[in-house]
Amino acid sequence: MAERNLDFDRIIDRKNTRCLKYDFAVKRGMPEDVLPLWVADMDFETSSYIEDALTERVQEGIFGYSDVQTPYFEIVRDWMVRHHDWEPQEKWLIKTPGVVFALAMAVKAYTDPGDKVLLQQPVYYPFSEVITDNGREVVSNDLVLTEDGTYKIDFTDFEQKIIANGIKLFLLCSPHNPVGRVWTREELEKIGDICVKHGVTVVSDEIHNDFVWEGTHTVFAGIKKEFADISVTCTSPSKTFNLASMLISNIFIPNQTLRRKFRKEMDRAGISQLSVLGLVATEAAYAHGDEWYTAMKNYVRDNIAFAKAYVEENLPGVRMIDTQGTYLIWLDFRQTGLTVEELDHKIIYEAKLWLDSGKIFGKTGEGFERINVACPRAVLQEALDRIRGILQ
Ligand SMILES: Cc1ncc(COP(=O)(O)O)c(C=O)c1O
């Protein structure tokens with residue numbers, strides 16, 4: 001059996017497939033005819049091995065309560081070993097219906113109402129939502145955009161914020177959405193050492209770990225035993241294989257006390273088993289998806305290069321931040337002379353594009369736009385042409 005779904009140029013009509021990206025524009029306040037490059041899912045068909053495994057399971061026709069059996073864990077572990085040089089243990093694993101759900105569980109398990117939780121804005125907006133929606137407060141160690149166009153961590157501010165706010169929990173985004181940084185081992189060590197020193201638990205959201213273009217993804221928990229002991233590592237096949245609606249993620253918590261608290265929160269939320277389709281998809285993806293994954297990655301890498309060249313040549317005043325990781329590009333429009341409102345208005349109503357406006361990632365995201373480039377190149381070109389149109 002060979003992989004069938006390797007034509008990433010093919011434009012697939014996703015309308016009327018119940019998909020958030022295309023079918024809910026008007027409901028979400030956008031014009032009907034916007035071209036969507038916002039939410040982080042891909043416009044590619046997933047691996048045919050996953051399609052086949054799901055089809056076979058669906059044909060069984062019974063969808064009662066399910067759970068994993070051998071070799072689920074072995075397959076997940078082998079992917080981590082193969083791609084991330086990290087070997088998690090079976091007892092560390094807790095499966096959740098999504099990474100954001102896991103973030104919420106962690107906030108509830110490791111902090112009390114009124115506590116402050118640390119993150120690094122601009123960052124994936126559900127990070128702050130799971131904090132404030134659970135009656136906690138956001139404290140941001142804002143990332144610093146340097147002259148050379150890369151984002152850096154202000155470690156002095158990081159430590160001071162921990163001390164000044166009695167921080168017990170830090171939500172790390174690694175690789176970072178939306179700024180595209182792949183944190184180096186040295187940076188992660190500095191973060192970890194500070195957190196160990198001050199007794200801070202680190203939730204490391206590594207959902208973008210399979211999209212690294214420059215450098216190597218370092219699993220925070222894999223750096224040293226002390227880091228494993230204070231961390232919750234969030235992984236999922238959902239970004240890598242375009243399986244977001246399968247609602248499955250693999251969360252690893254080596255420390256028994258942290259694991260128990262997390263599990264208790266899951267019990268309180270009334271969650272025990274997950275959907276069998278997510279389990280089947282995960283196994284198929286990690287066991288047989290390598291060929292598709294490699295081809296998809298090459299395609300997306302070329303899209304990023306295409307976008308970079310396009311922006312440099314055709315979008316005056318716009319700077320594309322170096323995309324070291326993720327399939328989300330981060331464009332700085334602040335030199336265009338447009339206000340945040342003018343920019344958003346032009347993008348939506350003149351270019352007819354549905355992007356993620358930088359402001360939703362925090363104050364420091366204002367004047368930026370995030371574009372999902374995991375789409376056929378022709379679609380990406382169309383989107384960039386439309387942006388060019390509004391800047392003339
Ligand atoms: C950093 C990050 N975490 C989590 C998610 C979503 O995870 P899930 O759909 O599993 O809740 C995303 C999706 O874009 C993301 O970028």
Side-chain angles (χ1 to χ4, degrees), residues 18-21 36-44 46 76 93-108 117-131 133-134 140 143 151 170-183 202-212 217 219-220 231-252 262 266 269 271 274-275 277-279 281-282 285-286 300 323-330 354-358 360-362 365 368-375:
R18 303 179 179 82
C19 87
L20 213 54
K21 194 170 182 177
L37 293 91
W38 62 288
V39 69
D41 70 23
M42 309 191 206
D43 287 341
F44 308 135
T46 192
V76 174
L93 174 63
I94 297 181
K95 301 181 299 308
T96 63
V99 166
V100 174
F101 180 84
L103 298 177
M105 291 296 102
V107 165
K108 293 175 83 167
V117 179
L118 189 64
L119 42 64
Q120 294 173 312
Q121 286 177 331
V123 72
Y124 180 55
Y125 45 92
F127 275 43
S128 41
E129 286 171 357
V130 295
I131 296 170
D133 287 347
N134 284 302
S140 178
L143 297 174
Y151 280 87
F170 167 50
L171 304 184
L172 168 69
C173 195
S174 174
H176 192 282
N177 166 13
V179 309
R181 272 300 315 274
V182 171
W183 304 116
V202 178
V203 173
S204 187
D205 178 344
E206 302 188 11
I207 197 168
H208 294 281
N209 56 7
D210 294 314
F211 298 91
V212 170
H217 173 69
V219 178
F220 176 77
S231 63
V232 172
T233 304
C234 303
T235 75
S236 173
S238 62
K239 293 284 158 245
T240 314
F241 289 95
N242 208 20
L243 299 170
S245 69
M246 289 286 154
L247 296 178
I248 173 84
S249 50
N250 295 305
I251 312 300
F252 296 98
F262 190 97
M266 298 265 292
I271 289 272
L274 302 181
S275 160
L277 297 184
L279 305 177
T282 302
Y286 285 158
V300 172
T323 313
Q324 299 178 344
T326 82
Y327 56 73
L328 308 159
I329 64 171
W330 185 236
W354 186 0
L355 310 178
D356 267 347
S357 170
I360 65 178
F361 300 92
F368 292 76
E369 298 281 338
R370 193 194 75 173
I371 306 185
N372 172 354
V373 301
C375 58

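Each ligand, and each atom within it, is numbered from 1 in the order the structure gives. We use all heavy atoms of the structure for the numbers below, so side chains are in, but hydrogens, waters and symmetry mates are not. Numbers here simply count residues along the sequence, with the first being 1.
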Less than 3.5 Å apart, N/O on ligand 1 and N/O on the protein: could you list those pairs with the distances?
unit_1: ligand 1; atom_1: 3 (N); unit_2: Asp205; atom_2: OD2; d: 2.5
unit_1: ligand 1; atom_1: 10 (O); unit_2: Val99; atom_2: N; d: 2.7
unit_1: ligand 1; atom_1: 11 (O); unit_2: Val99; atom_2: N; d: 3.2
unit_1: ligand 1; atom_1: 11 (O); unit_2: Val100; atom_2: N; d: 3.0
unit_1: ligand 1; atom_1: 14 (O); unit_2: Lys239; atom_2: NZ; d: 3.2
unit_1: ligand 1; atom_1: 16 (O); unit_2: Asn177; atom_2: ND2; d: 2.7
unit_1: ligand 1; atom_1: 16 (O); unit_2: His208; atom_2: NE2; d: 2.7

Residue list, ring-ring contact (aromatic ring centres under 6.0 Å, His included) with Tyr125, at least two apart or on another chain: Phe361
More than 12 heavy atoms from other groups under 6.0 Å of NZ on Lys95: yes
Spatial distance of atom OG1 (Thr326) from atom CG (Asp210) [nearest 0.5 Å]: 12.5 Å
Among Val232, Thr233, Thr235, side chain to side chain contact (heavy atoms under 4.5 Å, CB included) partner for Ile251: Val232
Short N-O contact, Lys21 and Asp41, less than 4.0 angstrom: yes
Separation of Ile248 CD1 from Leu279 CG (nearest 0.5 Å): 5.0 Å
